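Since the structure comes first, as C-alpha cells, the remarks are kept for the end.
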Amino acid sequence: AKEMLPHGEWTAFLENQTEFNGRKAERLIQIFNGYADPQGSLFGASVKSTTLSNLSISNALSLLALPEEERESFAEEVDAEHISNRELERLIKEKKELEERLTNSETEREKTVEELLKEKADRKAEVEKLTDELVQNSFEKQEQLRASLEQEISNAKAEAELAKKVAADAKTNAEDKFKNKEAKLKA
C-alpha cells in the first residue's frame with residue numbers, strides 16, 4: 001500500500017485507514033520483508049516457516065538480526081515463541097559473541113600457523129646461507145657447523161610441532177566452549 005500512495009501521504013493513510021501508527025507499520029513491513037515467502041501463494045503472502053509464524057512482533061524483529069538461514073533453527077533451539085524479548089535479545093547477543101570468539105580464535109590459530117611458516121622459511125634461508133659458508137670452509141669447520149645446524153633444525157621442528165599442538169589445543173578449547181555454551185542455550 002505504501003508504494004501505491006503518492007509521496008507524503010503514507011502517514012495520513014495510516015491514521016485514517018488503519019489502527020497502526022507509522023512506527024508499528026514500519027515494524028510490520030520489516031517483519032513481512034524478513035519472513036514472507038517471496039513467491040507468495042494464490043491467497044497472498046505466506047510465511048516461509050511455521051516456526052517463525054507464531055512469534056511476537058518484538059521477537060520476530062529481534063530474530064532479523066540473525067542471517068536468514070539461521071533464524072528458524074535458532075528460534076526452535078531457544079523456544080523463541082515462549083520466551084521474553086529481553087531473553088531472546090540476550091541469547092542472540094551471546095550467540096554472536098560466541099561466534100566472534102570462535103572466529104577470533106580461528107584467526108589467531110591461522111596467524112600462529114603463518115608465523116610458524118614464516119619462521120620456518122626464515123630458518124630454512126638461514127640454513128641455506130650457513131650451508132654455503134660450510135662449503136667454503138675446511139672439513140673440520142664444516143663438521144662443527146653441520147652439527148650446530150642439525151641441532152637448530154631439530155629445535156625448530158620441535159618448536160613448530162609444539163606450536164601446532166598449541167594452536168590445535170586452542171581451536172579445540174574454543175570449539176568445546178562454543179559447544180558448551182550452545183548446550184547451555186539448549187538447556
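The model shown is predicted, which means the values in this text are computed figures rather than measured ones.
- The backbone N or O of Leu66 lies less than 3.5 Å from a partner atom in the side chain of Arg71, making a donor-acceptor pair.
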Between Gln151 and Asn155, is a side-chain hydrogen bond (donor to acceptor under 3.5 Å, both in side chains) present by the stated rule, with each step listed?
CA-CA 6 Å; Gln151 183 61 44; Asn155 291 344; 2.9 Å; yes
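- Heavy atoms from other residues, nucleotides or ligands lying under 6.0 Å from CD of Glu19 number 12 at most.
- In the hydrophobic clustering of ILVMFWY residues, with side-chain heavy atoms under 4.5 Å counting as a link, Leu91 and Leu64 come out together.
- Remark: Glu110 CD to Thr103 OG1 distance equals 10.0 Å, nearest 0.5 Å.
- Between Ser62 and Ile92, some side-chain heavy-atom pair lies under the 4.5 Å cut-off.
- Distance alone, capped at 3.5 Å, places no donor-acceptor pair between the Lys129 side chain and the Lys124 backbone.
- Without hydrogens or angle criteria, Asn59 side chain to Leu88 main chain gives no donor-acceptor distance under 3.5 Å.
- Side-chain contact between Lys24 and Ile57 is present, with at least one heavy-atom pair separated by less than 4.5 Å.
- The minimum heavy-atom distance linking Ser105 with Ala174 is given by the pair OG-CB, 3.3 Å.
- Shortest non-hydrogen contact noted between Ala163 and Leu116 is CB-CD1, 2.8 Å.
- Contact annotation: the side chain of Arg27 approaches that of Ser58 to within less than 4.5 Å [non-hydrogen atoms, C-beta and beyond].
- A salt bridge links Glu94 with Arg90; the closest basic N to acidic carboxylate O contact falls under 4.0 Å.
- Taking the side chain as every heavy atom from C-beta outward, Trp10 and Glu26 approach each other to under 4.5 Å.
- Taken to the nearest 0.5 Å, the CD atom of Glu76 stands 10.5 Å off from the CD atom of Glu81.
- Residues meeting the side-chain hydrogen bond (donor to acceptor under 3.5 Å, both in side chains) test with Arg101, sequence neighbours left out: none.
- Between Pro67 and Glu70 the shortest side-chain heavy-atom distance falls below 4.5 Å.
- With respect to the salt-bridge test (charged N to carboxylate O, under 4.0 angstrom), the residues Lys118 and Glu114 do not qualify.
- Counting heavy atoms from C-beta outward, Lys157 and Lys120 have side chains that stay 4.5 Å or more apart.
- Taking NZ of Lys179 as the start and NZ of Lys184 as the end, the distance is 15.5 Å to the nearest 0.5 Å.
- The CD atom of Glu97 sits 12.5 Å away from the CZ atom of Phe178 when rounded to the nearest 0.5 Å.
- Closest of all the heavy-atom pairs between Leu63 and Ala80 is CD1-CB, 4.2 Å.
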CA sep, side-chain torsions, deciding dist, call: Glu152, Glu126, side chain to side chain contact (heavy atoms under 4.5 Å, CB included)
CA-CA 10 Å; Glu152 283 187 33; Glu126 185 180 336; 3.6 Å; yes
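- Look at Glu119 and Arg123 and you find a salt bridge, because one of the NZ, NE, NH1 or NH2 atoms lies within 4.0 Å of a carboxylate O, short of that distance.
- In this structure, the separation between NZ on Lys177 and OG1 on Thr172 is 12.0 Å, given to the nearest 0.5 Å.
- Atom-to-atom distance recorded for Arg109:CZ and Lys171:NZ is 5.0 Å, nearest 0.5 angstrom.
- With sequence neighbours left out, the side-chain hydrogen bond (donor to acceptor under 3.5 Å, both in side chains) criterion links Asp79 to His82.
- Residue Leu55 is grouped with residue Leu185 when hydrophobic side chains (ILVMFWY) are merged at heavy-atom distances under 4.5 angstrom, including chains of intermediate members.
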